[in-house]
Engineer: 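Take a look at this one; I'll ask things after.
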Amino acid sequence: RAKDFANEQGYPLLVVNSNIMSIQKIKFKSVHTQRNCAVVLALQKLFSVYYYASGLKLNDFKIDDKDTAYYDVFTLNMLSTDNVVFYSGGLSYSRLQKTKLLTEYQPSYRYLNVCWREDNNCGICPKCVRTQVTLDFLGKLDIYKEVFNLKKYRVHRHYNIAQIIYHSKNNVMFKDIKEYGDKNGIEYSKIIVTAHIIKFYLVNLVKRAVPQVIKTHLKKKLKQLRNR
């Protein structure tokens with residue numbers, strides 16, 4: 001998809017593959033800023049300035065070991081060299097505001113790819129769910145029919161909205177979407193959504209009760225099943 005977009009728009013495309021995930025087995029979210037910038041540093045003769053897309057607004061800053069987006073506005077400069085300077089791009093916009101701006105860019109209707117699981121948007125990972133619900137609430141979901149399975153989304157719409165509400169207490173991106181929906185009177189069945197939220201709470205309680213050894217064993221078994 002990136003190659004098709006680059007060819008259509010006349011942009012040069014540089015593709016980099018790495019085996020770092022097999023060597024440094026750390027969750028990507030906790031080091032994404034450093035890893036992505038490392039690619040630029042390895043090729044710094046090609047760049048003088050690099051804008052790294054901000055994940056959050058400055059007023060959402062905090063030191064968080066799970067996601068560098070909360071604080072990379074202050075660490076990006078530390079990665080700069082005499083050859084290349086890193087800046088945090090779009091720092092004054094929330095993720096919802098960025099998505100709203102993106103809907104004015106027509107090529108995104110065919111090339112938007114937000115998924116962190118698959119080459120194409122899977123529609124079920126947290127990032128896909130967050131983006132689809134945002135587009136839904138903005139009234140722009142239909143124009144992205146080429147990049148998302150809208151039939152599948154609508155079947156599971158209440159489940160997806162429930163995920164947004166459930167995670168809104170601990171995640172500012174989900175919180176922004178929930179508040180936008182509340183403010184603009186987005187319609188959905190509160191009974192169905194509440195039922196899903198209760199299920200999420202119960203599942204989470206069970207997960208906490210299960211010993212880590214059993215969790216690890218089950219993950220290995222699931223991985224083996226997927227690879228068959």
Side-chain angles (χ1 to χ4, degrees), residues 1-21 27-29 31-57 67-69 72-73 76 79-80 83-154 156-157 160 164 173-174 176-177 180:
R1 196 181 295 272
K3 184 178 180 180
D4 291 339
F5 170 79
N7 289 337
E8 181 184 283
Q9 300 297 318
Y11 294 125
L13 178 65
L14 183 63
V15 179
V16 177
N17 290 317
S18 173
N19 65 343
I20 193 169
M21 288 290 287
K27 288 187 177 181
F28 181 70
K29 280 183 68 177
V31 290
H32 66 83
T33 305
Q34 295 90 330
R35 283 186 177 175
N36 287 332
C37 289
V39 176
V40 180
L41 291 171
L43 303 166
Q44 59 186 288
K45 288 184 178 180
L46 301 177
F47 306 95
S48 58
V49 174
Y50 191 89
Y51 290 92
Y52 191 75
S54 62
L56 300 159
K57 296 174 70 174
D67 191 347
T68 58
D72 63 12
V73 60
L76 279 168
L79 299 172
S80 299
N83 298 319
V84 58
V85 180
F86 292 97
Y87 293 103
S88 183
L91 192 60
S92 60
Y93 295 96
S94 68
R95 185 61 61 92
L96 190 146
Q97 290 170 325
K98 288 180 180 179
T99 305
K100 188 174 183 178
L101 287 172
L102 184 66
T103 62
E104 299 174 11
Y105 185 59
Q106 291 190 9
S108 70
Y109 305 166
R110 288 174 287 117
Y111 297 115
L112 179 64
N113 193 318
V114 300
C115 191
W116 61 30
R117 286 186 181 174
E118 309 289 344
D119 291 336
N120 295 312
N121 296 317
C122 71
I124 60 174
C125 73
K127 204 170 181 183
C128 280
V129 169
R130 192 176 66 218
T131 304
Q132 288 176 109
V133 174
T134 300
L135 291 170
D136 181 0
F137 284 9
L138 291 171
K140 301 289 185 179
L141 185 59
D142 286 338
I143 59 179
Y144 287 92
K145 60 185 178 182
E146 292 186 45
V147 295
F148 287 112
N149 185 334
L150 301 191
K151 183 178 180 181
K152 183 179 179 181
Y153 170 78
R154 290 191 170 102
H156 301 287
R157 182 173 184 263
N160 292 331
I164 298 298
M173 295 183 193
F174 288 87
D176 286 345
I177 300 168
Y180 181 89

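Because the structure is a prediction, the values reported are computed rather than measured. Note: hydrogens, waters and symmetry copies are ignored here, and every other heavy atom, side chains too, is used.
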Engineer: Regarding Y144 and N121, is there a side-chain donor-to-acceptor distance under 3.5 Å anywhere?
Structural biologist: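 Note: Y144 and N121 side chains miss the donor-acceptor criterion.
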Engineer: Could you grab the distance from atom CG of L56 to atom CG of D72, nearest 0.5 Å is fine?
Structural biologist: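 The CG atom of D72 is 8.5 Å from CG of L56, to the nearest 0.5 Å.
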Engineer: Classify the ring geometry between F28 and H32 as parallel (under 30°), tilted (30 to 60°) or perpendicular (over 60°).
Structural biologist: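 It falls in the tilted class, 30° to 60°.
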Engineer: Take V147 and R1, measure what side chain to side chain contact (heavy atoms under 4.5 Å, CB included) needs, and give me the verdict at the end.
Structural biologist: CA-CA 10 Å; V147 295; R1 196 181 295 272; 3.3 Å; yes
Engineer: What's the separation between atom CG in N83 and atom NZ in K45, rounded to the nearest 0.5 Å?
Structural biologist: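 These two atoms lie 8.5 Å from each other.
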Engineer: Do side-chain atoms of T68 reach the backbone of V31 as a donor and acceptor pair under 3.5 angstrom?
Structural biologist: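 Pair absent, no side-chain N/O of T68 close to backbone of V31.
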Engineer: Say whether, by atom type as modelled, one donor and one acceptor occur between the side chain of R130 and the main chain of C125 under 3.5 angstrom.
Structural biologist: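 Not a single qualifying donor-acceptor pair exists.
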Engineer: Salt-bridge test for R154 and D142: reply yes if a basic N is under 4.0 Å from a carboxylate O, no otherwise.
Structural biologist: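 Judged by the 4.0 Å cut-off on N to carboxylate O distance, R154 and D142 do form a salt bridge.
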Engineer: Counting N and O atoms only, with roles assigned by atom type, does the side chain of Q132 sit under 3.5 Å from a partner on the main chain of C128, one being a donor and the other an acceptor?
Structural biologist: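 Here the side-chain-to-backbone pair exists.
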Engineer: We want to know whether N36 and Y52 form a side-chain donor-acceptor pair, criterion being a heavy-atom distance below 3.5 angstrom.
Structural biologist: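 Present: a donor and an acceptor within the cut-off.
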Engineer: Drop me the distance from L135's CG to L112's CG, to the nearest 0.5 angstrom.
Structural biologist: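 Here the interatomic distance stands at 7.0 Å.
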Engineer: Answer yes or no: is there a donor N or O on one side and an acceptor on the other, between the side chain of Y109 and the main chain of T103, under 3.5 Å?
Structural biologist: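 Yes.
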Engineer: Quick one: does any side-chain atom of K98 pair with a main-chain N or O of S54 as donor and acceptor, under 3.5 Å?
Structural biologist: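 Checking the backbone N and O of S54 against the side chain of K98, a donor-acceptor pair under 3.5 Å is found.
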